[in-house]
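The next block holds one structure in the form of structure tokens; read it before the comments.
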Amino acid sequence: MMAEQDGLTMVQALNAALARAMSEDARVLVLGEDVGVDGGVFRVTEGLLDRFGADRVRDTPLAESAIAGLSIGVAAQGFRPVAEMQFMGFIYSAVDQLVSHASRLRWRTRGRLTCPLVVRAPYGGGIRAIEHHSESTEAMFAHVPGLRVVIPSSPARAYGLLLAAIHDPDPVLFLEPKRIYRAGREDVPDSGAAAPLDSCFQLRDGDDLTLVTWGAMIVETLAAAEQLAAEGVTADVLDVATLSPLDMTTILRSVEKTGRCVIVHEAALTGGFGAEIAARLAEHGLLSLRAPVKRVTGYDTVMPLPRLEHLYMPSTERVLAAAREVLAFS
Amino acid sequence: MVVVVTTVASFEIENTGYLDASGRPTRPLPAFADDRDELVSLYRAMVLTRTFDAKAVALQRTGRLGTYPACLGQEAVAVGLGAAMSPEDVLLPYAREQGAQFLRGVTPTELFLYWGGDERGSDFSGPREDFPICVPVASQVPHAVGVALAFQLRGEPRVAVCVSGDGGTSKGDFYEALNVAGAWRLPAVFVVTNNQWAISVPRSAQTAAATLAQKAVAAGFAGEQVDGNDVIAVRDVVGRALARARGGAGPHLVEAITYRLSDHTTADNASRYRDDESVGRHWREDPIARLRAYLTAAHGWTKDDEEATLASCAKDVERAVEEYLATPPQPPEAVFDYMYERLPADLRGQRTAATEARAAAVPSDDG
């Protein structure tokens, strides 16, 4: 077993996955603002310019729609671009390209042109970033048919899922929870093995409760599960990982066992992706449920600036409170 | 104290035309215009386009085609640029480039299918790498940058040719794309079809810029104007831009000045915002009549030649109409089958439900 400092952070794991993909497949390109000499503002692309050259690791002009749009064009020509949006807060000028084109190029042309594109974007709060740098709007994109939305929650899953996203022949929006970019280390062998897309990861096994989450909220959710375990209550903890297309089978199977479910996400409540999971539980799992489904989420407010952002982000205490409420229901 | 003012940048925009509105040369023509067959093929392509266009509008008016954007009066732009392109180049059209698409091997049947509401109309049997028609204005321009990047990375002597309209030059995507193309010196030619109208908004209200061609200057490359109703000029100017881009000289912008004689689409009524008199004036600039006059004067084009051309184009279009109308709709599963390379498990249930619902609703669909 490796000492903790010997493992990789999520940033390092993502970097290793990019290097692996680029060394295995000459069609893989890395594009974005400051991805070259600077190695990306979070250093995810560090060292790639030196190793793979300026043709394949390209600093783009500062224009998100152009980054997405030209990535679609070069993908249609058979390349495998991995485009970086510097922060998810800047992705909105590229939404037209992702929604009107990336998600449907295959469909519009009956498979004649395809879009094997990965758009990476750091997202979420908790690092005391400036305005417009902390939102979680994954549900907006999960609503778009044809656009895979993938969110890793650990260094090893980040490595495997990014490789899977690059290998995938269709567009993937890969959202990186920057609060846990460097929060922990994990042994990540550079095996080149992709992790499965469209599948939940089961992080804890339990009988009494199902906790469903993704991204950085894994931290608070696992802490809550740990606390509950100390009290003799065991929980399944599911990391959804691919929001769309959703692996509802695993979630339903868990709820059939536990009968109780809490969904945790950092994004705002209304229209958040938890609503989709809760609706599907109502449609397909109602008779398994022994308590109402609870959601622990950010509020329907603007994401506060750093002085107040801790009030917005779901805490372990809020997860525990919801879990206890659901467990007490009879 | 002497204040020294230095000019650090300046630009000029050229405008090229060869034939006046009545088809008389105003200057020596480019060499290809000596070739009668070459001019006849340009002429036929314009006539085919206009024949297709008229038929498409008629089909829409009789409920057999969806909303359709006619290209009446603009045929020389699309035909000129289509003729200038090499087969290995890639066309990224807006929606009024029927003439270019036909020259590149898109069939009239495919365009009828597309405007008739069938995705198979964008599965071009001919130019497999050309992009489909792009409805969200100017959103195709960044794609051209990506296509050109692919050519540059592979060292291929190919050019991405992207067409947008005068309204499209107001969009952020247009500026962003030109800027990247200039910064990376990509092999791309941007053709702006300035037909004077973005639905109801005239060119004069679209921008205070004196020309649309000069928008390239801010992106670090040259732009020029061409008489978009002179197919010889379009073919010539775009051809030279393509040759330069193919040789590594980077991108170029061509603003083709023309006039939309039709409504914006069959859902539009242009009499709400412009008068017949001004449209009538522009009919005198008709690109087809112009080349016909030159062909007649310089290359002995006869009434028989004319009638044979009209008849042959009408026959091609009629055959396409028959093919289009005889094409059965796609099966219900086609709604799902091109969303992803492999249909995700989460969609399988929806696909099954849709297919079964359809089968139950229309049991006799297959006879």
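Hydrogens, waters and symmetry mates are skipped; everything else that's a heavy atom, side chains included, is used. A note on names: the letters A, B, ... follow the listed sequences, proteins ahead of strands, and every chain is numbered from 1.
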- Of the backbone (N, CA, C, O) and the side chain (C-beta and beyond), which part of D168(A) lies under 4.5 Å from a heavy atom of chain B, both, or neither? side chain
- Query: Is E129(B) paired with R158(B) through a side-chain N to carboxylate O contact shorter than 4.0 Å?
  - Reply: yes
- Task: Could you tell me which portion of F151(B) (side chain, backbone, both or neither) has an atom closer than 4.5 angstrom to a non-hydrogen atom of chain A?
- Result: side chain
- Item | Best-contacting candidate, N179(B), V145(B), V180(B), against chain A by heavy atom pairs under 4.5 angstrom | V180(B)
- Tell me, side chain or backbone of L343(B) under 4.5 Å from chain A's heavy atoms, or both, or neither? neither
- Task: Kindly say whether A138(B) contributes a backbone atom to a donor-acceptor pair with the side chain of Q140(B) at under 3.5 angstrom?
- Result: yes
- Task: Please round to the nearest 0.5 Å and tell me the distance separating atom OG of S164(B) and atom NZ of K171(B).
- Result: 11.5 Å
- Message: Ring-plane angle category for H143(B) and F131(B), please: parallel below 30°, perpendicular beyond 60°, tilted otherwise.
- Response: tilted
- Query: Which bit of L113(A) comes within less than 4.5 Å of chain B, counting heavy atoms only: side chain, backbone, both or neither?
  - Reply: side chain
- Interchain contact, D55(A) with chain B, by part (heavy-atom threshold 4.5 Å): both
- Where on S65(A) is there a heavy atom nearer than 4.5 Å to chain B: the side chain, the backbone, both, or neither? both
- Note on the structure: Looking only at D173(B), V335(B), V135(B), the option with the highest number of non-hydrogen pairs under 4.5 Å against chain A is D173(B)
- Task: Identify which part of T114(A) has an atom lying under 4.5 Å from any heavy atom of chain B, answering side chain, backbone, both or neither.
- Result: neither
- Which portion of A334(B) sits near chain A, non-hydrogen atoms under 4.5 angstrom: both
- Query: In terms of heavy-atom proximity below 4.5 Å to chain B, should P169(A) be classed as side chain, backbone, both, or neither?
  - Reply: side chain
- Under 4.5 Å to a heavy atom of chain B? For L29(A) that would be side chain
- Applying side chain to side chain donor-acceptor pair (under 3.5 Å), run through S139(B) and D96(A) and close with a yes or a no. CA-CA 8 Å; S139(B) 60; D96(A) 187 27; 4.6 Å; no
- Query: Pick from T249(A), L197(A), L246(A): which one has the most heavy-atom pairs with chain B under 4.5 Å?
  - Reply: L246(A)
- Query: If you measure from the Lys or Arg side-chain nitrogens to the Asp or Glu carboxylate oxygens, is any gap between R108(A) and D123(B) under 4.0 Å?
  - Reply: no
- Message: Heavy-atom cut-off 4.5 Å, strictly under: side chain, backbone, both or neither for V90(B) against chain A?
- Response: side chain
- Judged by atom type as modelled, is there a donor-acceptor pair below 3.5 Å linking the side chain of E110(B) to the main-chain atoms of F124(B)? no
- Item | Under 4.5 Å from a heavy atom of chain B, the part of L31(A) involved | side chain
- At what distance, to the nearest 0.5 angstrom, does CZ of F112(B) lie from OG1 of T327(B)? 11.5 Å
- Item | Option in D346(B), L347(B), V141(B) with maximal non-hydrogen atom pairs under 4.5 Å from chain A | D346(B)
- Query: Which atoms of R27(A) come close to chain B, meaning under 4.5 Å heavy atom to heavy atom: side chain ones, backbone ones, both, or neither?
  - Reply: neither
- Item | Side chain, backbone, both or neither of R58(A) within contact of chain B (heavy atoms, under 4.5 Å) | side chain
- Is a side-chain donor or acceptor of S288(A) paired with a backbone partner of L286(A) at a separation under 3.5 angstrom? no
- Message: Please confirm whether the ring centroid of F273(A) lies under 6.0 Å from the ring centroid of H265(A).
- Response: no
- Message: What I want to find out is whether R342(B) reaches D170(A) closely enough, with some N-O distance under 4.0 Å, to be called a salt bridge.
- Response: no
